[in-house]
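Since the structure comes first, as structure tokens, the remarks are kept for the end.
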Amino acid sequence: DVKVTQSSRYLVKRTGEKVFLECVQDMDHENMFWYRQDPGLGLRLIYFSYDVKMKEKGDIPEGYSVSREKKERFSLILESASTNQTSMYLCASSLTGVSQPQHFGDGTRLSIL
Amino acid sequence: GQNIDQPTEMTATEGAIVQINCTYQTSGFNGLFWYQQHAGEAPTFLSYNVLDGLEEKGRFSSFLSRSKGYSYLLLKELQMKDSASYLCAVKRRDSNYQLIWGAGTKLIIKP
């Protein structure tokens, strides 16, 4: 079974802090993704990576950056946290291929005070 | 534009059948996924359709009509554990990676 592990289930930070969310997958997947999930909205893609050190912006990259130094690890960074970044953050990974599903971690519920 | 529509919430009775609809408009189409998400948990993959027709997988079936931009997820013999949100997502032709997600349908099962 694919295992995608996010470092924290719940996190509380203050406005202006630099916040790191970590994600690790154990199935040698090429692709990794960071989403945020807000009530009434679909999953929105922040960034994705299709290889080590490679990244592409998703639909809402503003205020975020990412790092992928190793294939199994994909980090999301909030450069200067703001209250509108309070959300559920989901990490996913997948193999490359049209029919390949994404496998998700349990999510990090982040509150910015 | 690109858009996916699903009903926000549905209610059904244990043991019954329910159909959750998903309509989509995309500039290109390369397959449709259904995921299940229990409250506070990760979305889990249910099905993938790329050709027209019905795909059956146990109690769950998924249907696709590409000409109508329409899919549905059919759940039979409903169980209380089927109470969850069901997410529809379309794979874009112009991207090998990106999915466009609907907001999800919250399904409530009553005894």
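When reading the values below, keep in mind they use all heavy atoms of this one structure, side chains included, and skip hydrogens, waters and symmetry mates. Naming: A, B, ... by sequence-line order, numbering from 1 per chain. All figures in this text were calculated on a predicted structure; none of them were measured in a lab.
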With a cut-off of 6.0 Å (strictly less than), are more than 12 heavy atoms of other residues, nucleotides or ligands near [atom1] of [X]?
{"X": "A/R44", "atom1": "CZ", "value": "yes"}
{"X": "A/R109", "atom1": "CZ", "value": "no"}
{"X": "B/K106", "atom1": "NZ", "value": "no"}
{"X": "B/E14", "atom1": "CD", "value": "yes"}
{"X": "A/R9", "atom1": "CZ", "value": "yes"}

State yes or no: do [X] and [Y] share one hydrophobic cluster built from I, L, V, M, F, W and Y residues joined by side-chain heavy-atom distances below 4.5 Å, directly or via other members?
{"X": "B/M80", "Y": "B/I17", "answer": "no"}
{"X": "B/L75", "Y": "B/L32", "answer": "yes"}
{"X": "A/L90", "Y": "B/F33", "answer": "yes"}

Exercise: identify the closest heavy-atom pair between A/Q100 and B/K91: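 Closest pair (atom of A/Q100, atom of B/K91, distance): O-NZ, 4.0 Å.
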Closest contact, heavy atoms only, A/G40 versus B/A103: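 Minimum heavy-atom separation between A/G40 and B/A103: O-CB, 3.6 Å.
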Kindly compute the distance separating [atom1] ([X]) from [atom2] ([Y]), expressed to the nearest 0.5 Å.
{"X": "B/N49", "Y": "A/S99", "atom1": "CG", "atom2": "OG", "answer": "11.5 Å"}
{"X": "B/E41", "Y": "A/F104", "atom1": "CD", "atom2": "CZ", "answer": "14.0 Å"}
{"X": "B/F45", "Y": "A/Q102", "atom1": "CZ", "atom2": "CD", "answer": "11.0 Å"}

Proximal component of B/Q6, with respect to chain A [non-hydrogen, under 4.5 Å]: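 Neither part.
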Per-residue contact mode, A/L45 against chain B (heavy atom under 4.5 angstrom):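 Side chain only.
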What part of A/D38 is in contact with chain B, defined as an atom under 4.5 angstrom from a non-hydrogen atom: side chain, backbone, both or neither?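 When you check distances to chain B, no heavy atom of A/D38 falls under 4.5 Å.
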If only atom types and distance count, is the side chain of B/Y35 paired as donor or acceptor with the main-chain N or O of A/P101 below 3.5 Å? no
May I ask you to check whether B/Q98 and A/E56 show a side-chain donor-acceptor distance below 3.5 Å? no
Let's go through A/Y35 and B/W101 carefully: what are the C-alpha distance in whole Å and the side-chain angles of both, what is the deciding distance for side-chain contact (heavy atoms from CB on, under 4.5 Å) to 0.1 Å, and is it a yes or a no? CA-CA 11 Å; A/Y35 292 94; B/W101 294 84; 3.3 Å; yes
